[in-house]
Amino acid sequence: PGLLQKLCHDHYEWQSEANASSPAFILHDGPPYANGDLHMGHLLNKVLKDIINRERMLRGFRVIYQPGWDCHGLPIELKAAQLESERARKQAAGEGTPPSPEVAV
């Protein structure tokens, strides 16, 4: 297997089997980059979480890393707010037309 497979996947699988009777440490990870472009903060976030997991593993915990993706609709809400802001700006500048009364915003 490749180095990535060995360092990431096999390592966590090994410790889960080796520490089966140990107390569990569960890290629920949030979305990596839901609302914007990647930046160095995302890398720092993932590296720190990996360090925490490995430190807990060294202390004898059975580490369970649970990646997640739960934004509660935030990306679509952000996009709707941006579109509404753009519409209001155009309307104030006389470029747009007001929304029809039957359209709920």
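In what follows, every heavy atom counts, from backbone to side chain, and hydrogens, waters and symmetry copies are set aside. Since the model is a prediction, treat every value here as computed from it, not as a measurement.
- Side-chain heavy atoms closer than 4.5 Å link hydrophobic residues (I, L, V, M, F, W, Y) into clusters, and following such links, possibly through other members, connects Leu43 to Ile51.
- Heavy atoms only, all atoms of each residue included: Asn53 and Val63 are closest at O-CG2, 3.4 Å.
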Could you walk me through whether Asp29 and Lys46 satisfy the side-chain contact (heavy atoms from CB on, under 4.5 Å) test, starting with their C-alpha distance in whole Å, then the side-chain angles of each, then the deciding distance to 0.1 Å, before giving a yes or no? CA-CA 9 Å; Asp29 195 2; Lys46 294 300 177 187; 2.4 Å; yes
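- Atoms CZ and CG, from Arg56 and Leu58 in turn, are 11.5 Å apart once rounded to the nearest 0.5 Å.
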As a quick check of understanding, evaluate side-chain hydrogen bond (donor to acceptor under 3.5 Å, both in side chains) for Asn45 and Lys49, giving each step before the final call. CA-CA 6 Å; Asn45 181 335; Lys49 288 176 182 176; 3.0 Å; yes
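- Remark: Arg54 CZ is packed, more than 12 non-hydrogen atoms of other residues, nucleotides or ligands lying under 6.0 Å away.
- With rounding to the nearest 0.5 angstrom, the CZ atom of Arg62 is 12.0 Å from the CD atom of Glu17.
- In this structure, the separation between CD on Glu84 and CD on Glu86 is 10.5 Å, given to the nearest 0.5 Å.
- Cluster annotation: Phe61 and Ile64 are assigned to distinct hydrophobic clusters (Ile/Leu/Val/Met/Phe/Trp/Tyr, side-chain heavy-atom contacts under 4.5 Å, transitive).
- Side-chain atoms of Ser22 come within 3.5 Å of backbone atoms of Gly60 as a donor-acceptor pair (strictly under, hydrogens ignored).
- Note that CG of Asp50 is 8.0 Å distant from CE of Met57, once rounded to the nearest 0.5 Å.
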